[in-house]
Amino acid sequence: MRIGNASGFYGDRFDAVREMLTGGPLDVLTGDYLAELTLLILGRDRLKDPARGYAKTFLRQMEECLGEAHDRGVRIVTNAGGLNPAGLAGALRALAGSLGLPTRVAHVTGDDLGDRFPGALTAHAYLGGHGITAALRAGADVVVTGRVTDAALVTGPAAAHFGWAPDAYDALAGAVVAGHVLECGTQATGGNYAFFAEHDPARLLRPGFPLAEVHADGSCVITKHDGTGGLVDVGTVTAQLLYETAGARYAGPDVTARLDTVRLRQDGPDRVRVEGVRGEPPPPALKVGLTRLGGHRNEVVFVLTGLDVEAKADLVRAQVEDAFGRSGSRPAEVRWELARTDHRDAATEETASALLRLVARDPDSDAVGRALSGAAVELALGSYPGFHVTAPPGKATPYGVFEAAYVDADSVRQVVVLPDGRRVDVPAPEETRELTEAEPPPLPQPLDHGGPTRRVPLGYVAGARSGDKGGDANVGVWVRTDEAWRWLAHHLTVERFQELLPESRPLKVVRHVLPRLRALNFTVHGLLGDGVASRARFDPQAKGLAEWLRSRSTDIPEVLL
């Protein structure tokens with residue numbers, strides 16, 4: 001069966017649904033609209049109006065495309081229901097009625113555990129795909145869910161189509177891998193790709209969205225519609241497999257997929273075959289994503305132009321801290337960061353300037369509102385030469401905190417509301433296995449190059465991709481030849497990683513080895529503070545962390561260059 005994706009996040013390309021429906025044959029079209037930050041946004045929407053809480057963009061897309069999906073016989077599965085899948089399902093039924101379409105809509109619920117976590121803005125368990133399976137087997141044309149795992153949008157339809165039992169672990173694990181590759185949309189088709197510069201820029205101008213040709217044994221081919229932009233090769237698929245994962249065991253509510261068993265091979269232009277994936281019973285606990293309001297924040301960016309940048313930064317820091325002291329209202333957290341974006345003897349004022357960023361946080365909005373504004377703006381005529389800021393300080397804004405908790409899977413009641421209104425319970429897994437780290441695989445023989453090395457950026461030979469999981473950052477690094485793998489596996493140790501990325505030195509860094517992908521996956525614990533919504537770092541989702549690593553110089557054998 002052919003399963004496509006038309007959304008990797010809430011705000012992705014609006015026209016992608018139509019592009020995927022009209023671009024070629026599909027059986028199922030999926031859309032992923034949820035992320036840690038999205039749940040916080042939807043939670044704040046729901047505070048304003050209890051009837052909200054779902055991705056309104058999806059409903060607008062269906063206003064344009066529900067008829068197209070019906071005419072082409074394409075089923076739609078999405079987690080756009082967010083915090084209110086029943087509300088979105090009702091809106092879709094009303095839409096279908098107004099369009100005169102006999103569309104059968106089902107929704108999955110049971111993920112909301114807010115009553116167990118008092119004080120949380122949102123608390124949602126990550127459900128699996130069996131609820132989606134039940135809805136499709138009952139004849140649903142559209143299935144709306146709340147918080148399910150991203151891969152469930154693929155495992156659910158595949159299990160319904162092929163009749164997989166809940167203990168078909170290898171097949172389910174293969175579908176999990178396919179779902180993980182599809183979930184971020186065009187990241188699988190050349191978007192955000194480390195080696196983009198090797199390809200025709202015209203191909204990458206507007207990458208097409210990916211699809212998976214899934215087979216009865218769980219293997220698949222990752223591809224895209226003919227004639228669309230982008231590219232699909234072993235590198236783009238490897239990059240997405242490493243994105244926001246960690247070790248060999250990739251746990252989910254239906255199955256634990258063994259990433260160390262994945263085999264990739266090019267199967268023609270823009271086609272990558274994924275096979276050999278093994279699965280194990282899921283763990284007995286479900287992950288629960290919690291969001292809460294953490295306080296208020298504000299920021300000011302001072303522009304430091306020309307000479308004496310460090311001295312200018314020291315002066316304004318001291319002046320602002322002095323103002324806080326005299327007012328007696330210093331924010332609970334004050335963070336300064338100087339970005340030396342300036343160039344010597346620059347030809348433009350902008351390239352002659354550095355940026356000094358001040359971020360303040362406090363439970364009290366006034367402490368980072370009026371207090372910060374006064375401390376910064378009152379310096380305008382009495383500070384360093386050339387004083388100005390990128391924008392006047394605004395009002396304090398609330399920030400969020402993401403946390404993960406775990407509950408027994410058999411304590412969560414997953415319910416499917418079928419198109420005819422019947423409510424069906426989805427049983428918890430009968431068989432589970434405690435999640436443990438896989439045994440580290442043996443490393444390859446070191447590369448005995450016997451020749452000189454050259455100190456050049458790591459990215460000359462290695463690709464990488466990074467992302468966030470709560471407060472942790474993940475950096476996956478891979479190479480494209482066996483010889484480069486024999487070097488990388490021994491060279492890029494945890495110690496070398498921390499040497500190349502000094503921000504990680506005080507933190508716990510864990511390295512995972514995935515030989516079949518010629519890859520290393522690093523988890524940097526705590527780099528992102530309380531998660532993306534807290535915006536504790538310049539790059540709050542660690543999206544650029546991998547490219548920073550690739551830009552760092554290390555000693556690479558010349559035979560690999």
Side-chain angles (χ1 to χ4, degrees), residues 169-170 173-174 176-177 180-181 194 218-219 234-235 237-252 255-266 272-281 283 433-451 453 458-466 472 474-501 504 508-525 546 549-550 554-561:
Y169 297 127
D170 289 346
V176 163
V177 169
H180 183 70
V181 174
S219 65
V234 169
V237 174
T238 299
Q240 181 56 29
L241 273 177
L242 296 175
Y243 180 67
E244 296 181 349
T245 59
R249 286 192 165 103
Y250 185 54
V255 64
T256 294
R258 292 293 299 252
L259 298 184
D260 55 349
T261 63
V262 178
R263 296 197 304 270
L264 305 178
R265 62 182 172 88
Q266 200 72 35
V272 171
R273 185 167 294 277
V274 184
E275 54 194 356
V277 187
R278 303 300 300 272
E280 299 171 345
R433 182 182 297 178
E434 289 288 346
L435 189 65
T436 60
E437 289 289 341
E439 285 294 317
L443 297 181
Q445 284 293 110
L447 180 66
D448 184 18
H449 59 92
T453 61
L458 176 65
Y460 280 21
V461 297
R465 178 169 287 167
S466 55
D472 300 338
N474 139 257
V475 185
V477 185
W478 80 95
V479 289
R480 297 182 285 185
T481 67
D482 290 338
E483 291 75 17
W485 170 239
R486 290 171 60 193
W487 169 78
L488 182 75
H490 293 275
H491 179 80
L492 194 57
T493 61
V494 167
E495 293 73 23
R496 184 64 54 82
F497 180 93
Q498 292 180 305
E499 174 188 321
L500 295 175
L501 300 187
S504 69
K508 178 183 177 183
V509 176
V510 178
R511 184 179 97 148
H512 304 279
V513 181
L514 299 168
R516 289 193 174 183
L517 299 177
R518 301 192 194 99
L520 304 172
N521 223 348
F522 294 87
T523 302
V524 185
H525 291 270
L549 178 66
R550 294 183 69 237
T554 191
D555 296 320
I556 299 178
E558 287 195 351
V559 295
L560 299 179
L561 298 172

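- For the atom pair L447 CG and T481 OG1, the distance stands at 8.5 Å (nearest 0.5 Å).
- Within a 6.0 Å sphere centred on CG of D555, heavy atoms belonging to other residues, nucleotides or ligands number more than 12.
- Here the straight-line distance linking atom CG of L458 with atom CG of L492 works out to 6.0 Å at 0.5 Å rounding.
- A257 and V176 make their closest contact through CB-CG1, 4.1 Å (heavy atoms, listed as atom of the first residue, atom of the second, distance).
- Closest non-hydrogen pair, G463 versus A194, comes out as CA-CB, 3.9 Å.
- For the pair R263 and V274, the minimum side-chain heavy-atom distance is 4.5 Å or more.
- Among residues two or more places apart in sequence or in another chain, the ring pair (Phe, Tyr, Trp, His ring centres under 6.0 Å) test is passed with Y250 by H180.
- Between T245 and the options N521, N474, T523, a side chain to side chain donor-acceptor pair (under 3.5 Å) holds for only N521.
- Remark: W487 CH2 to I556 CD1 distance equals 4.0 Å, nearest 0.5 Å.
- Under the 4.0 Å criterion applied to side-chain N and carboxylate O atoms, D482 and R518 are assigned as salt-bridge partners.
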Can you give the donor-acceptor pairs under 3.5 Å from side chains of residues 433-441 to other protein atoms, not counting sequence neighbours?
residue : atom : partner : partner atom : Å
T436    : OG1  : R249    : NH1          : 3.4

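- We find the OG1-CZ distance between T256 and R278 to be 13.5 Å, quoted to the nearest 0.5 Å.
- When atom types are taken as modelled, the side chain of R550 and the backbone of Y460 share no donor-acceptor pair closer than 3.5 angstrom.
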- Task: Would you please test E275 and R265 for side chain to side chain contact (heavy atoms under 4.5 Å, CB included) and show each step?
- Result: CA-CA 9 Å; E275 54 194 356; R265 62 182 172 88; 3.0 Å; yes
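- A salt bridge is absent between E244 and R465; no separation between the charged side-chain nitrogens and carboxylate oxygens falls under 4.0 Å.
- The distance from the OG atom of S466 to the CZ atom of F522 is 12.5 Å, given to the nearest 0.5 Å.
- With sequence neighbours left out, W485 forms a ring pair (Phe, Tyr, Trp, His ring centres under 6.0 Å) with no residue at all.
- Here the closest non-hydrogen pair linking Q266 and V234 is OE1-N, 3.2 Å.
- Summarising the geometry of S504 relative to V524, their closest heavy-atom pair is CB-CG1, 4.0 Å, with the distance given to 0.1 Å.
- Of all heavy-atom pairs spanning T261 and V277, the tightest one is OG1-CA, 3.4 Å.
- To the nearest 0.5 Å, the span separating CG on D170 from CD on E280 amounts to 9.5 Å.
- Taking the side chain as every heavy atom from C-beta outward, R496 and T554 approach each other to under 4.5 Å.
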- Would you please test V477 and F497 for side chain to side chain contact (heavy atoms under 4.5 Å, CB included) and show each step? CA-CA 11 Å; V477 185; F497 180 93; 5.6 Å; no
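- Nearest heavy-atom pair, L488 versus R511, reported as atom, atom and distance to 0.1 Å: O-NH1, 4.4 Å.
- Between E483 and R486, none of the side-chain N atoms (NZ, or NE/NH1/NH2) sits under 4.0 Å from a carboxylate O, so this pair counts as no salt bridge.
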- Query: Can L517 and W478 be said to form a side chain to side chain contact (heavy atoms under 4.5 Å, CB included), step by step?
  - Reply: CA-CA 7 Å; L517 299 177; W478 80 95; over 6 Å; no
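- Side-chain contact between H512 and L520 is absent, with no heavy-atom pair separated by less than 4.5 Å.
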